[in-house]
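Worksheet: one structure, shown below.
These numbers were taken from a predicted model, which means no experiment stands behind them.
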Amino acid sequence: MTTTLARRYAVLFACAALTISTSAFAQGKLDKNVKIGVLNDMSSLYADIGGANSVVAANMAIEDSGLRAKGWTIDLVSGDHQNKPDVGVNIARNWIDNDKVDMITDTPNSGVALAVSNLVKEKNSIMLNSGAATADLTGKACNANTISFTFDTYMLANGTGKALTKAGGDSWFFLTADYAFGHALERDTSAVVTANGGKVLGDVKHPLNTADFSSFLLQAQASKAKIVGLANAGGDTDNAIKQASEFGITAGGQKLAALLLFINDVHALGLKISQGLTFTESFYWDMNDQTRAWSKRFQKLSPKGTMPSMTVAGVYAGVLHYLKALDAMGGNPHDGAKVVAKMKEIPTDDPLFGKGPLRIDGRRIIPAYLFEVKKPEESKYPWDYYKLVATISPEDAAKPLKDSECPLVKK
């Protein structure tokens with residue numbers, strides 16, 4: 001009889017333990033293990049603005065978080081999406097399902113980013129976007145698992161597009177990269193141009209990673225538009241600017257608007273070719289003492305010894321804030337929506353962008369800056385390329401929530 005009772009109690013205790021264990025698992029068991037994936041272009045036209053440099057920035061954020069000293073295990077993997085949405089999604093799916101990656105960051109190329117954002121929503125993982133520009137990630141395609149940290153097409157349009165139109169550039173022709181990013185950038189800039197009294201005279205779409213822009217530039221030249229808007233990025237922007245110089249576009253009186261320009265582009269082009277270009281960014285390495293100190297640390301670790309781009313800075317800030325949220329939670333619940341909610345609860349604060357909230361739509365609210373590329377004689381030291389034209393307030397740099405298409409926003 002005693003033996004029978006003992007067996008019954010053993011079964012009851014086992015069932016209770018199983019119930020508690022199952023409940024804890026369902027709620028997201030906290031531990032101190034984290035795996036981060038840097039997904040970007042490692043080998044093509046966007047490699048210089050992110051690539052291996054984004055991996056460096058993510059590792060710097062891990063180091064600066066101090067979590068490893070507190071006993072956390074933090075691993076980092078990286079992958080090359082080759083600017084193909086299917087490749088990007090396959091890498092991300094394998095990371096989440098098999099490698100137990102908790103968060104994916106960077107994701108330049110809006111087509112890839114939109115596809116990965118859908119996947120992290122399905123898998124309840126996390127995407128911290130820094131490299132993809134489409135404002136749709138915090139608009140009609142937004143979800144509770146994705147955050148955009150650094151810039152978007154709305155910011156670029158309301159910086160460069162508005163400034164040039166108000167300064168008399170009231171007729172535009174667009175050279176547009178033929179995929180999600182280019183389409184969004186032309187759409188958002190066209191809206192700003194027309195809202196400020198300008199006209200769009202036409203556009204031409206070009207394939208991603210185009211080597212020869214001659215036929216597209218001839219159409220821009222024939223349009224007689226005052227502004228030729230380059231709705232592209234990376235190597236495409238560099239090639240378009242070089243060939244526009246050869247075609248005498250600016251010598252003929254038209255002005256180039258580089259709607260998305262990075263410091264790596266200016267460095268590659270040189271000041272002689274890029275001088276006078278007006279553009280919008282949310283980060284510049286030489287803005288203040290904090291950005292300079294961090295950027296000089298970064299430059300020593302960069303594989304090519306470059307200064308950080310805006311996207312690289314955003315990777316650092318995003319990873320740092322993510323780890324800060326996990327620390328505040330006391331561990332990693334491996335529940336993407338819960339972690340993102342905590343990230344939105346805590347105000348962001350880092351040495352590169354300063355303080356700023358994360359809105360419900362996933363958009364980080366920070367200032368933007370209208371810059372102009374210096375003339376060669378104005379540059380006083382290496383990487384001294386920008387002069388500040390205007391500061392755009394955080395409220396003006398992001399699309400107002402009242403106009404948002406994000407399904408998370410209740411109006």
Stepwise salt bridge (charged side-chain N to carboxylate O under 4.0 Å, His left out) test for Asp152 and Arg363: CA-CA 9 Å; Asp152 61 18; Arg363 179 72 161 84; 2.9 Å; yes

Full working for side chain to side chain contact (heavy atoms under 4.5 Å, CB included) between Ile126 and Val339: CA-CA 8 Å; Ile126 299 170; Val339 176; 3.7 Å; yes

Ile249 and Leu256: CA distance, side-chain angles, deciding distance, side chain to side chain contact (heavy atoms under 4.5 Å, CB included) verdict: CA-CA 8 Å; Ile249 296 281; Leu256 291 180; 4.2 Å; yes

Residues Lys380, Asp286; criterion salt bridge (charged side-chain N to carboxylate O under 4.0 Å, His left out); working and verdict: CA-CA 12 Å; Lys380 304 302 180 188; Asp286 206 10; over 6 Å; no

Step-by-step side chain to side chain contact (heavy atoms under 4.5 Å, CB included) determination, Gln254 to Ser223: CA-CA 10 Å; Gln254 291 175 296; Ser223 75; 4.1 Å; yes

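Phe353 approaches Met310 most closely through the heavy-atom pair CZ-O, 4.3 Å. Minimum interatomic distance between Thr311 and Gly131 (heavy atoms only, all atoms of both residues): CG2-CA, 3.8 Å. What you find for Phe247 and Ser214 is that their closest heavy atoms are CZ-CB, 3.4 Å. Heavy-atom minimum distance, Ser125 versus Asn145: O-ND2, 2.7 Å. Nearest heavy-atom pair, Met343 versus Gly318, reported as atom, atom and distance to 0.1 Å: CE-O, 4.2 Å. Heavy atoms only, all atoms of each residue included: Phe262 and Tyr386 are closest at C-OH, 3.5 Å.
Leu277 has its side chain within reach of Ile241: a pair of non-hydrogen atoms, C-beta onward, lies under 4.5 Å apart. Contact of the Val56 side chain with the Pro303 side chain is registered, since non-hydrogen atoms from C-beta on lie closer than 4.5 Å. Side-chain contact between Ile74 and Leu323: present, with at least one pair of heavy atoms (C-beta onward) separated by less than 4.5 Å. Side-chain contact check for Asp31 versus His334: some heavy-atom pair is nearer than 4.5 Å. In this structure the side chain of Val373 reaches within 4.5 angstrom of the side chain of Phe279, judged on heavy atoms. Here the side chains of Asn40 and Val315 are not in contact, with every heavy-atom distance at 4.5 Å or above. Residues Leu164 and Trp172 form a side-chain contact, since some pair of their non-hydrogen atoms from C-beta on lies under 4.5 Å apart. Put simply, the side chain of Asn59 reaches to within 4.5 Å of the side chain of Leu76, judged on heavy atoms.
With 3.5 Å as the limit, one finds a donor-acceptor pair spanning the side chains of Asp188 and Thr153. Using a 3.5 Å distance cut-off with no hydrogens or angles, the side chains of Asn109 and His81 do not pair a donor with an acceptor. Under 3.5 Å, the side chains of Thr146 and Ser117 contain a donor-acceptor pair of N or O atoms. With hydrogens and angles left out, the side-chain atoms of Asp335 and Asn124 include a donor and acceptor closer than 3.5 Å. Between the side chains of Asp236 and Thr210, not a single donor N or O lies within less than 3.5 Å of an accepting N or O. There is a side-chain donor-acceptor pair under 3.5 Å between Thr306 and Asn53. At a cut-off of 3.5 Å, with distance as the only test, no side-chain donor of Ser130 or Asp106 sits close to an acceptor on the other residue. For the 3.5 Å distance criterion, the side chains of Thr150 and Ser282 fail to qualify, holding no donor opposite an acceptor. A side-chain donor from one of Asp64 and Tyr316 sits under 3.5 Å from a side-chain acceptor of the other. Using modelled atom types and a 3.5 Å distance limit, the side chains of Asp80 and Ser43 yield a donor-acceptor pair.
At least one donor-acceptor pair closer than 3.5 Å links the side chain of Lys344 to the backbone N or O of Ile360. One N or O on the side chain of Ser110 and one on the backbone of Thr134 form a donor-acceptor pair closer than 3.5 Å. Judged purely by atom type and a 3.5 angstrom limit, Gln219 has no side-chain atom pairing as donor or acceptor with the backbone of Phe216. In this structure a side-chain-to-backbone donor-acceptor pair under 3.5 Å is missing from Asp396 to Ile392. A donor-acceptor contact shorter than 3.5 Å is absent between the side chain of Thr189 and the backbone of Glu186.
Here the rule is side chain to side chain contact (heavy atoms under 4.5 Å, CB included) with Leu358, and of Ile365, Ile346, Ile147, Val340 only Ile147 fits it. Just one residue in the list Lys205, His206, His183 forms a side chain to side chain donor-acceptor pair (under 3.5 Å) with Asp178, and that residue is His183.
Evaluation of the side chain to side chain contact (heavy atoms under 4.5 Å, CB included) rule for Lys70 yields Leu67, Trp72, Asp327 as partners, not counting sequence neighbours.
Within the structure, no pair that satisfies the salt bridge (Lys or Arg N to Asp or Glu O under 4.0 Å) test touches residues 157-167, not counting sequence neighbours. Counting only residues at least two apart or on different chains, no salt bridge (Lys or Arg N to Asp or Glu O under 4.0 Å) pair has a member in residues 249-261.
For Tyr369 and Tyr284, the gap between ring centers reaches or exceeds 6.0 Å.
Heavy atoms of other residues, nucleotides or ligands lying less than 6.0 angstrom from NZ of Lys123 number more than 12. Within a 6.0 Å sphere centred on NZ of Lys387, other residues, nucleotides and ligands contribute more than 12 heavy atoms.
Aromatic ring orientation, His267 versus Tyr385: tilted (interplanar angle from 30° to 60°).
We find that Arg359 and Asp361 are joined by a salt bridge, their nearest charged nitrogen and carboxylate oxygen being less than 4.0 Å apart.
Put simply, CG on Asn239 and CG on Leu175 are 12.0 Å apart, with the number rounded to the nearest 0.5 Å. A distance of 5.0 Å separates OH of Tyr322 from CG of Asn332, quoted to the nearest 0.5 Å.
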